[in-house]
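Structure, as structure tokens:
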Amino acid sequence: MALLELYHYWVFVVLLMIGFYAVIAKLNLIKKLIGLSLFQAAVFLLYITMNKVEGGTAPIFTDGAVDQLYSNPLPQVLILTAIVVGISTLALGLGIVVRIKEEYDTIEEHEIQEIDRQ
Amino acid sequence: MTVVFSFFLLTMLIVTAIAIVRIRDLFAAVMLSGIFSLLLAANFFLLDAADVALTEAAVGAGISTVLFLSALAMTTDKEKAAPSNRIIALIVVTAMTLALIYSTFDNPAFGDPDAPIHQHVAPWYLETTREAIDIPNVVTAVLGSFRGYDTLGEVFVVFTAGIGVLFILGAPSGKPRQTTDLHSEGLRHYLVPRVVGRMLTPFILLFALYVQFHGDYGPGGGFQAGAIFAAAIILYALLEGEKSALEAIPRSWLIAMTAGGALLYSAVGVAGMLLGGNFLDYSVLADNPVAGQHIGILLIEAGVGITVTGVLLSIFHAFAARDKF
Amino acid sequence: MSALQAHLPALQVIVPMLTAPLVILVKERRLCWAATLLASFCSLAIAISLCIDVLNGDSIRYLMGSWPAPWGIELRVDTFSALLLLIVNGSSSLALIGATASLDRDIESSRQPLFYAAWLLALAGLNGILVTADAFNIFVFMEISALASYVLISAGPNRRALPAVFKYLIMGTIGATFYLIGVGLIYLMTGTLNIADMALRIQDVADQKAILVAAGFITIGLALKAAVFPMHIWLPNAYTYAPNMVTVFLAACATKVSLYILLRIDFFVFQPNLSGHDFQFSYFLLPMSLLAILIASTVAMFEPNLKRLLAWSSVAQIGYITLGASLVSVAGLTASLLHMFNHALAKGALFLVIACLGISLSHLRIDNIAGIAKQMPWTMAAFVLAGLSLIGVPGTAGFISKWYLITATLEAGSWGPALVAIIIISSLMAVVYIWRIVEIAYFQPADEQAVVSEAPFFLLLSTWIAVALNFYFGLSAALPVELADSAARLLMGQMR
Amino acid sequence: MTILASLAIPLAGALAIMLAARISDNLRETMTLITSVALAWNVWSLLPAIMAGDRPEIILFEVIPGIEIGFAIEPLGMLFAALASALWIVNSVYSIGYMRGNNEKKQTRFYVFFAFSLAATIGIAFAANLFTLFLFYEALTLLTYPLVSHKGDEKTLRSARVYLGVLLTTSIGLLLPAIIWTYLVAGNGDFTPGGILAGHVEGPALGLLLGLFVFGIGKAAVMPVHRWLPAAMVAPTPVSALLHAVAVVKAGVFTVTKVIVYIFGIEHLFSTPSSGWLLYVAAFTIIAASLVALRQTNIKRLLAYSTVAQLSYVIMAAAILKPLAEIGASIHMVAHAFGKITLFFAAGAIYTASKKTEIGQLAGIGRRMPWTMTAFTIGALSMIGVPPTGGFVSKWFILAGAFQADNYVAIFTIITSTVLNAAYFLPIVFIAWFGRETEGAGPDHGEAPLPIIIALTTTAALTILFFLFNGPVIALEAQIFGGPSS
Amino acid sequence: MYYAVTFALIITMGLALARAIIGPSVYDRVLAMNMFGTKTVLLLAVVAFMLGRPDFLDLALTYALINFIGVLAVLEFFRDRASRRKDENETES
């Protein structure tokens with residue numbers, strides 16, 4: 001059971017590295033951005049994993065419940081913010097990619113470098 | 001038992017992630033990342049993070065899918081096979097993975113109520129919310145009041161992204177594109193989506209308002225509401241065409257909303273300052289501190305909602321307008 | 001007045017931040033410029049006022065929403081942040097004075113309101129990082145400033161700005177996310193986000209494996225954003241293809257703020273609590289600093305593009321800053337912080353000169369400026385003087401930091417003389433790359449056909465203010481030295 | 001106040017020259033003369049007080065805690081300032097003739113930077129501590145760069161690059177660390193009689209520090225950091241005069257002497273064997289530079305190497321570490337200044353009149369240019385050290401010091417180099433007066449323009465007068481070292 | 001009872017995911033994505049009851065809406081692409 005509980009952290013690590021791999025190894029700019037959002041999603045998972053309290057429930061009070069354990073609200077707040085930051089970055093990144101496509105007619109990193117070298 | 005469910009969901013998450021990275025069809029990759037978001041959101045839900053689950057679904061599966069698709073429409077949807085430093089990247093990544101996994105063995109056990117993280121600040125939030133703010137949703141209380149400054153920052157992040165995309169895509173294009181009028185037409189000629197969509201749009205708008213104002217009591221709040229509201233308008237644009245959507249809410253309104261929401265939020269903060277409290281102190285907004293907190297949270301959530309709607313729609317229109325060059 | 005005084009830390013962020021939405025509602029670009037300038041100057045005034053306050057007494061604290069720390073978000077201004085606040089707001093104000101001519105050249109007037117809004121947001125973001133005492137709040141404001149600076153850089157007139165800014169975006173986001181992971185891990189072990197509280201509670205953590213990993217993530221993430229060698233690869237192109245005025249603003253302060261976070265978290269949280277961390281810190285940073293100094297200076301000596309030449313020189317100068325910090329001593333940190341200030345002055349002035357040149361030259365390659373000193377005497381004179389400050393000639397600001405850096409390295413023990421040798425070698429390299437430009441501008445025959453005229457008045461004015469500051473702080477360095485020294489003691493005082 | 005005025009006059013003068021140049025060339029040159037006279041008047045007016053034992057000082061401001069910009073006048077600095085300011089007048093007169101006679105371009109820039117250089121020189125002379133000294137030392141390097149590179153063609157630029165490169169490299173690379181080291185161990189860098197290093201730096205470290213100082217002060221041109229001096233020969237002759245006689249190299253040896261006297265302290269150095277190497281290096285430089293000078297065919301290059309040798313006289317004299325020798329060092333600074341400026345003026349006069357630069361071309365020129373060659377002869381005799389010239393006086397004192405210290409290396413060096421000096425100067429004098437002019441070798445020419453003649457006659461006269469009336473100088477310097485009587 | 005239903009849903013989700021990954025045609029993927037979304041909505045509903053928080057059914061509602069919009073956006077894009085491809089082919093031939 002202990003291993004099963006660590007599984008959440010491992011998934012965080014594996015997702016993080018899948019995303020990281022995509023960002024550094026892929027040359028297509030959109031693929032890089034997809035990788036970047038996977039990378040960030042992994043961090044969301046890390047924080048949300050922390051917030052869980054065994055036997056607890058979502059930190060929204062229910063009427064009449066006494067001695068109810070609640071999960072930690074703070075990581076949730078942080079991740080709400082982080083998700084918004086993530087989508088903002090993504091939107092900006094995509095805007096830049098669209099402009100790159102217009103200017104260079106390609107969104108492959110090595111081809112752009114090729115064009116710039118000329 | 002939920003741990004076992006999580007196990008399956010998490011495994012699916014990894015499978016999806018690998019598939020996303022490996023697949024060369026970007027269109028498929030975007031669809032898969034929509035699925036990824038849904039899975040992630042389901043996981044969040046299992047981990048008691050209802051608000052986050054709601055947001056992740058609205059953002060990951062909804063907004064970012066639409067954004068990716070708009071970008072793909074203007075660029076390309078096939079990733080070229082290219083020489084890459086794959087082996088080195090794989091080695092680096094594998095090494096880091098092993099190191100990180102090794103370090104996790106000392107983490108506090110998953111869900112242990114005695115872990116330091118649950119002992120220090122969290123209980124205080126739960127208690128103080130009951131006394132000083134008196135709304136059931138602690139997440140909203142923390143978001144709106146205890147860490148309202150973070151949320152202000154968050155609104156300005158969205159605001160920055162909004163003006164950023166407007167700025168970048170407002171640049172004169174390198175070359176004129178051929179005009180295809182398909183977009184402006186929308187899906188109007190397809191009967192089923194059109195009828196269903198028309199029926200649904202008002203309900204979605206209504207639901208967005210519900211999410212906005214029910215945020216104190218259940219999962220939801222300004223950001224989620226803004227995203228849903230924007231999604232409704234985007235749906236309208238998909239069905240009736242860009243032009244009609246812009247007629248419904250013109251661009252100048254969107255800019256005004258973008259700025260207005262951010263200003264509303266800041267104004268609440270400044271009001272706290274003027275009334276003798278600190279910045280973002282809502283207690284001074286009314287005679288009764290608790291009532292003041294209620295007013296403050298209501299107003300700032302409205303500010304968040306307005307800005308998010310404005311920004312997301314501006315971004316959507318900026319992408320769509322670029323396409324028709 | 002005293003009521004306002006208490007709110008200054010909050011106002012430092014709010015003033016520029018609130019002006020941003022107002023600016024995009026204004027259509028007239030000169031009005032936008034005026035509003036931006038006004039907000040920037042207000043912010044500078046606040047920074048100066050805060051500076052005076054912290055020099056006279058203890059650090060200033062402010063509770064956001066009146067919630068007590070560590071539950072609510074606390075703002076805290078001490079000498080360390082005050083020093084950086086001066087740099088950030090000063091360089092923004094200085095750049096804005098003369099910005100219009102240069103910006104009208106690079107950006108269409110319809111887009112200028114958005115540009116100024118992004119400028120204000122970048123300023124607000126940087127200020128926000130500097131005044132907060134909360135680790136997560138730093139992340140939020142880091143992202144505001146990062147997103148805003150992507151927008152600013154993407155405004156560059158050359159299309160190569162786009163791939164450059166994309167690379168910056170990717171690396172910047174990776175850096176920020178690494179930072180977020182690090183903060184998450186510390187939060188997991190301590191349960192708090194307030195930096196001071198973290199430092200306190202981290203002592204009770206029995207097993208430090210997770211903390212060590214967190215330290216690794218935070219250090220690497222912030223090093224990425226601060227362009228510490230070899231994570232600098234985004235910097236030269238981003239600075240080269242950004243609009244000239246943006247380069248003035250960002251080159252003077254953006255990377256330094258990332259270094260600020262790095263030093264603040266490292267010295268407040270890790271150094272006192274991780275055994276042997278000062279060694280790890282030194283051994284990580286020292287070789288990188290030396291490589292940065294030597295390699296980047298070498299590249300700068302052979303670089304034909306003026307802006308990129310200065311960008312490479314920035315990479316080398318960041319090396320000086322991290323070199324001072326890696327000594328982990330009061331003297332070293334003083335030198336490091338002082339160099340942040342002085343390098344901002346010198347590099348700001350140099351990039352302002354570049355902006356002056358950019359008004360009438362479309363290509364900023366070194367052979368385009370042959371003989372230009374005749375047509376633009378004021379501009380090139382400013383270049384020579386600012387260049388002297390970068391080299392570190394006595395009487396200039398650059399010399400003061402070099403003096404402190406050498407003093408600190410001499411005190412560092414057996415390594416000292418070797419480090420001094422490297423500092424000196426790279427100073428001489430700076431002589432080479434600055435003098436190469438001076439010689440061509442002054443002694444090569446000019447291209448007779450080219451119609452070149454002196455830069456507009458306001459741009460020259462801000463350039464010469466920057467040059468004058470270089471000399472003022474070179475001859476009367478009490479203010480920055482006092483701030484840097486007090487900040488260094490503050491940082492070292494955390495170590496037990 | 002007078003101290004600050006001495007600094008301000010050349011600066012204001014530079015500004016005035018710049019403005020006057022817009023009106024007319026004559027006004028510009030009048031301004032130069034007025035400025036130089038005003039400066040000399042001002043500096044010389046300080047002399048009586050210093051002779052009386054007064055030591056005025058002023059702290060301008062504190063740069064960083066413990067490091068101040070301040071000025072203080074002591075005999076050594078007074079001598080240097082008085083010398084430089086007086087020679088500037090003569091040099092200005094000469095410049096007018098030379099610059100006009102050769103139709104040089106960008107004359108305004110020349111006069112402006114000349115004035116700036118003088119300001120820096122005065123700053124060096126009056127500096128109260130190492131930091132201030134270093135500040136003006138670097139300023140002097142940078143301000144003379146536009147003068148050295150005056151011609152602006154590729155060859156000149158290359159030489160100017162060597163000039164700047166060597167001086168900056170040595171000063172940043174060696175002098176700066178030495179200064180910082182001093183501040184670090186002694187807590188300050190104030191010039192204090194008796195030195196400040198005693199008790200702080202001992203043994204081999206002292207020798208190392210001395211090395212950093214001596215080679216760091218590249219302007220003193222101790223081998224092997226003398227390379228900049230021959231390279232700087234590309235400059236116009238008035239600039240060469242500035243470099244060799246008025247300011248630059250004098251600033252170098254002045255700084256070395258000052259550091260030895262006021263930072264190390266003669267006693268402290270004398271008691272530390274590891275600092276003895278300086279004497280040998282100086283002696284080597286004297287002999288080697290003289291040998292190189294023997295093989296030169298270009299007049300100005302020959303003079304440059306001669307300067308290298310003569311400078312090391314000063315260094316060697318200072319390194320003997322005896323009061324008499326120290327006085328000899330300071331007197332030699334003056335004597336060499338008078339002699340060398342005369343020689344350069346003469347070389348410049350020959351160039352202006354006949355465009356001749358090589359020794360071989362000089363045959364018989366004494367008959368066409370009697371004034372010039374007379375002055376040249378006097379200068380050469382002073383270099384060799386023949387009475388009745390100033391050079392004799394200084395050599396006398398240095399020899400006396402060497403005997404006092406029983407330093408046979410120094411005695412041997414002085415004798416050998418006197419022979420060598422004679423070997424490379426006398427042939428020139430000989431062929432100029434007695435050689436036969438080759439037919440049609442050059443244009444028909446007479447004497448150089450009048451301002452040039454006035455200038456070089458004045459300096460030649462000074463060379464001789466200094467032999468007769470050197471009492472005040474010795475009295476002045478005796479204040480620090482204890483005079484010959486004591 | 002809830003557990004059994006949940007397991008069944010997860011298995012269905014797995015199958016849908018497999019189809020989405022394998023493809024091969026776009027229609028397969030669109031259908032799979034739609035189905036996956038539907039199953040997530042169901043899963044959420046069931047889990048909400050299982051955790052004793054039926055008030056979270058709102059969430060499921062949001063998911064359903066988002067899923068609908070997402071599928072429409074994909075279809076719109078797909079139609080756009082198809083017609084663009086057709087244009088390109090025509091101009092080429």
Side-chain angles (χ1 to χ4, degrees), chain B residues 99-100 102-108 115-122 124-125 128 145-154 156-157 159-161 163-168 170-172 174 255-256 258-263 266-267 269-270 272-273 276-284 296 307, chain C residues 3 6-7 10-11 14 17-18 20-22 24-25 62-67 70-73 75 108 110-111 114-115 117-118 121-122 124-125 128 132 134 136-137 140-141 143-144 147-148 150-151 154-155 159 162 185 187-194 197 201 204-205 207 209-210 212-213:
Chain B
L100 278 174
Y102 169 72
S103 79
T104 58
F105 283 112
D106 287 322
N107 285 6
I117 179 172
H118 303 308
Q119 291 303 315
H120 186 42
V121 290
W124 187 90
Y125 285 135
T128 317
S145 189
F146 297 124
R147 293 186 72 90
Y149 184 53
D150 263 354
T151 312
L152 178 69
E154 172 192 329
F156 274 91
V157 169
F159 178 78
T160 314
I163 62 163
V165 171
L166 286 184
F167 181 81
I168 289 170
I255 301 272
T258 307
L263 283 175
S266 325
V270 174
M273 227 184 225
N278 275 356
F279 188 66
L280 291 175
D281 187 350
Y282 311 140
S283 310
V284 292
T307 295
Chain C
H7 290 299
L11 286 174
I14 298 165
M17 194 145 98
L18 249 181
L22 292 175
I24 63 164
L25 295 176
Y62 187 83
L63 298 175
M64 274 292 169
S66 306
W67 297 113
W71 299 283
I73 295 174
L75 305 188
E108 316 82 76
S110 63
R111 290 203 298 157
L114 295 172
F115 178 85
L121 287 167
T132 190
D134 186 285
F136 189 80
N137 198 241
V140 174
F141 281 91
E143 285 299 305
I144 294 182
L147 288 181
Y150 305 148
V151 177
S154 78
R159 70 172 180 182
L162 294 167
L185 289 174
Y187 175 60
L188 180 64
M189 304 312 275
T190 63
T192 183
L193 290 168
N194 188 295
D197 199 31
R201 292 180 55 88
D204 303 335
V205 178
D207 194 285
K209 214 176 284 171
L212 205 63
V213 174

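So that the names make sense, note that chain A is the first sequence line, chain B the second, and so on, each numbered from 1.
For C/Y150, no part lies near chain B; criterion is any non-hydrogen pair under 4.5 Å. Contacts between C/R201 and chain B at a heavy-atom distance below 4.5 Å involve the side chain alone, from C-beta outward. Proximity to chain B is absent for every atom of C/A124, based on heavy atoms less than 4.5 angstrom apart. For chain B, no part of C/L212 is nearby; none of its heavy atoms comes within less than 4.5 Å. For C/Y187, the parts lying under 4.5 angstrom from a heavy atom of chain B are both the backbone and the side chain. If you measure heavy-atom distances from B/S283 to chain C, you find no contacts under 4.5 Å at all. Using a 4.5 Å cut-off between heavy atoms, C/T190 contacts chain B through its backbone alone, with no side-chain atom that close. Only the side chain of C/I14 comes within contact range of chain B, with heavy atoms under 4.5 Å apart. Contacts between C/L162 and chain B at a heavy-atom distance below 4.5 Å are absent for every atom of the residue.
Chosen from B/T128, B/I168, B/V157, B/L152, the residue pairing most often with chain C at heavy-atom distances under 4.5 Å is B/V157. Counting heavy-atom pairs closer than 4.5 Å to chain C, the top-ranked of the candidates B/T258, B/T307, B/L100 is B/L100. Highest contact tally toward chain C, considering only B/T160, B/D150, B/I163, is held by B/D150 [criterion: heavy-atom pairs under 4.5 Å].
Across C/D197 and B/H120, no two heavy atoms sit closer than the pair OD2-NE2, 2.5 Å.
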- request: Run the numbers on C/W71 and B/F146 for ring pair (Phe, Tyr, Trp, His ring centres under 6.0 Å), then give the verdict.
  value: CA-CA 7 Å; C/W71 299 283; B/F146 297 124; 9.6 Å; no
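The aromatic rings of C/Y62 and C/H7 sit perpendicular, their planes meeting at an angle over 60°, well past the 30° parallel limit.
At a threshold of 4.5 Å between non-hydrogen side-chain atoms, the residues B/V121 and C/N194 do not count as touching.
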